[in-house]
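A short write-up of the structure that comes next.
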Amino acid sequence: MLKSNTGFIKEFGKNKVLFLMLMPTVLYFIVFAYLPMAGLIVAFKSYNYSQGIFFSPWSGFENFGYFFKSGVAFQVTRNTIVFNLIFIVTSVIASVAIAVFLSEMRNRYFKKVSQSFLIFPYFISWVVVAAFVYNVFNYDYGVFNEILRSLGFEPINIYSKTSYWYVLLPLLHIWKNVGYSSAIYFASIAGINTEYYEAARVDGANTFQRIRHITLPFLKPTVIVLVLLSVGQILRGNMDMFYQLIGNNGMLFNGTDVIDTYVFRSLTGGADLGLTSAATFYQSVMCFAVIYVTNMIVKRADKDYALF
Amino acid sequence: MKPAVKSDELLFSIGSYFIVSVFTILSVIPFLLVLSGSLTDEGAIISNGYGFLPVPFSLDAYSYILSDFSQILRSYGVSIVVTLTGTAAGLYFCTMTAFVLSRQDFRYRNRFSFFFYFTTLFNGGLVSTYILFVQYLKLKNNLLSLILPGLLPVFYILIMRSFIRSMIPASLIEAAKIDGAGEFRIFMGIVLPLVKPALACIGLFYAIGYWNDWYNAMLYITDIKKYSLQYLLTSVINKADFLTKSSMSSATVAEARESLPSESLKLAMTIVSIGPIVFVYPFVQKYFVTGLTIGAVKG
């Protein structure tokens, strides 16, 4: 202990300026990340504004009991996990496919143009996307329903049934992110030594064989790391997406309310802060557990892919 | 054997061009639809829906926006101020931190990295952050509440760290030290100019994040004068409280409601709020792709 302390002092003396340069960020993290962690005790209190975080009376596990007994906990957890699993699977497939297609193309001009357009939706806020969706899919005069009507089909009111969203949300998720994530995969493909491909061509391998035996194996590490990162976040909803697209539409809560939107609504709707905090506490603990467990499994399988 | 392989490859090639083209077209079509919708006469949208061509053509929505331009101008101002200060300050501290963490001769670099990284694994959540901002820091209706939450994403610090590692050899820093430059001067004079592509890439991330943020505005801003553009759009779309909260008298509000091209107005607002990102995008796009390349390869 003493030894490490003197080591620290010595290091501080040697790199005083570096420590000083780090200070603003360290302070930032203490105030905006570590202080709120202390604030998690609100979950165990019956919070009132006048007494603040530290002086409000304790209530033990009452908040948690209420959160779990009401059934909300199960519902929002299930929705969050189901949607995130769908998002992870569909977006990995779509973006790897797009990246592989792009990398096999010979026409450089086409490649460049399509890549620029593909990334474009990534730059647009979900607020704007929600406006598009409403205008394309709304019941009365949306383009989609206009087309259905003109073809003689019944128009569909997507804002009344959750099942439509299990198709629409993953599609929109792909639409918005495929350009960005395929660019990451594309970049790793570009990093593959071209000699492998030349050798394969000499050996008479066709496109499919080259993709199967060279491109995909080389992409594996990137895919694994990105999937791991998203699995770690599996209990965090896409707040932006869900809130903007579905908003406060009570008809859809059953199937589409995720933990983040639930917490946000309770917080802004003036619900009990202690109860809301119990929900976020639950989310943080679960997140941590999920990351820890995934990392452990990965470590056991292959050390190189572990996150920490 | 040979011809069979050839036709397989041709099929693959056609298929991939087709699929990528479809995705590419789908990426831009909604924007064209909204653009044309915003230029279409309100009555025509309600009765026939809208399509790719603005028929009949009308600038009503835009002239309506112009008629109450002050609110949009203010929100533009808020978004621009928040985006510029947030991006500049964030980039500066992010790069400075990354510079220290990238130094092999800084013994505590890994401990500090973990100190930052841990906050992505476990955090205080929305409620305690909200209480901190509102009750203890008193940042309600303060533009700082729009800037501070996104100022230093750990992910950017880590990307920047690998950028610096790959762009600046340790020997360069050694040489500068021998020449008598202090750490801070090395950072300002050598590191910052050399990592310009990284600054452009991460700066773009920052700018998009700040420009598109409506969430913090919804949490912390109640004064319509301080609405950011995206939040203004959210409220126009969700609650139509644009009119009721704006500075007009109630008689003019009622009158304006009558003549309000609400559908095309929403679309025009959408176009307006996409704003500068579209214009900046082509210029920074090349940095963006290089940035992703380094980020992906070096992790």
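Order of the sequence lines sets the chain letters (A, B, ...), proteins ahead of strands, with each chain counted from 1.
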* Asked: Quick one: are the ring centres of B:F12 and A:F101 less than 6.0 Å apart?
  -> yes
* Which atoms of B:S273 approach chain A - backbone, side chain, both or neither, heavy atom under 4.5 Å -> side chain
* To do: For each of A:V178, A:I30, A:I124, tally heavy-atom pairs with chain B at distances under 4.5 Å, and name the one with the top tally.
  => A:I124
* Asked: Would you call the rings of A:F19 and B:Y108 parallel, tilted or perpendicular, where under 30° means parallel and over 60° means perpendicular?
  -> tilted
* What part of B:D105 gets closer than 4.5 Å to chain A, counting heavy atoms only: side chain, backbone, both or neither? -> backbone
* To do: Could you look at B:I157 and say if it's the side chain, the backbone, both or neither that has a heavy atom under 4.5 Å from chain A?
  => side chain
* Measuring from B:F112:CZ to A:L18:CG, what's the distance to the nearest 0.5 Å? -> 10.5 Å
* Working to the nearest 0.5 Å, report the span between CG of A:N107 and OG of B:S13. => 10.0 Å
* **B:R185 atom CZ, over 12 foreign heavy atoms within 6.0 Å** => no
* Structure fact -> Output for pair (A:L22 CG, B:R103 CZ), nearest 0.5 Å, gives 12.0 Å
* Asked: Hey, is CZ on B:F155 packed in by over 12 heavy atoms from elsewhere, all under 6.0 Å?
  -> no
* Asked: If you look at every heavy atom in A:L40 and B:G124, which pair is closest and at what distance?
  -> CD2-O, 3.2 Å
* Just wondering, do B:I131 and A:Y47 contact through their side chains at under 4.5 Å, heavy atoms? -> yes
* Neighbour count >12 (heavy atoms, 6.0 Å) for atom CZ, B:F31 -> yes
* Asked: Within a radius of less than 6.0 Å around NZ of B:K177, do more than 12 heavy atoms belonging to other residues, nucleotides or ligands occur?
  -> yes
* Asked: Quick one: does B:T270's side chain have a donor or acceptor within less than 3.5 Å of a partner on A:V128's backbone?
  -> no
* Asked: Do the ring planes of A:F29 and B:F116 sit parallel (below 30°), tilted (30 to 60°) or perpendicular (above 60°)?
  -> tilted
* Which bit of B:L126 comes within less than 4.5 Å of chain A, counting heavy atoms only: side chain, backbone, both or neither? -> both
* Would one find more than 12 heavy atoms of other residues, nucleotides or ligands at under 6.0 Å from atom OH of B:Y92? -> yes
* Structure fact -> If one checks every heavy atom of A:I259 against chain B at 4.5 Å, the contacting part turns out to be neither
* **Gap separating the OH atom of A:Y134 from the CG atom of B:L267, nearest 0.5 angstrom** => 10.5 Å
* **Gap between atom OG of B:S128 and atom CZ of A:F281 - 0.5 Å precision** => 10.0 Å
* Asked: Which bit of B:L151 comes within less than 4.5 Å of chain A, counting heavy atoms only: side chain, backbone, both or neither?
  -> both
* Asked: Does the gap between the ring centers of A:Y28 and B:F93 come in under 6.0 Å?
  -> no
* Which residue out of A:D260, A:V290, A:D240, A:I147 racks up the most heavy-atom pairs below 4.5 Å with chain B? -> A:D240
* B:F133 ring center near A:F32 ring center (under 6.0 Å) -> yes
* Structure fact -> From the list A:F242, A:F264, A:W126, ring pair (Phe, Tyr, Trp, His ring centres under 6.0 Å) partner of B:Y215 resolves to A:F264
* **Partner chain B: residue of A:Q283, A:K112, A:M239 with the largest heavy-atom pair count (under 4.5 Å)** => A:M239
* To do: Between chain A and each of B:V154, B:V134, B:L132, B:L137, count heavy-atom pairs under 4.5 Å; write down the option with the most.
  => B:L132
* Structure fact -> Applying a strict 4.5 Å limit to non-hydrogen atoms, the region of A:V133 in contact with chain B is neither
* Apply side chain to side chain contact (heavy atoms under 4.5 Å, CB included) to the pair A:I291 and B:F122, showing each step before the final yes or no. => CA-CA 10 Å; A:I291 294 172; B:F122 193 81; over 6 Å; no
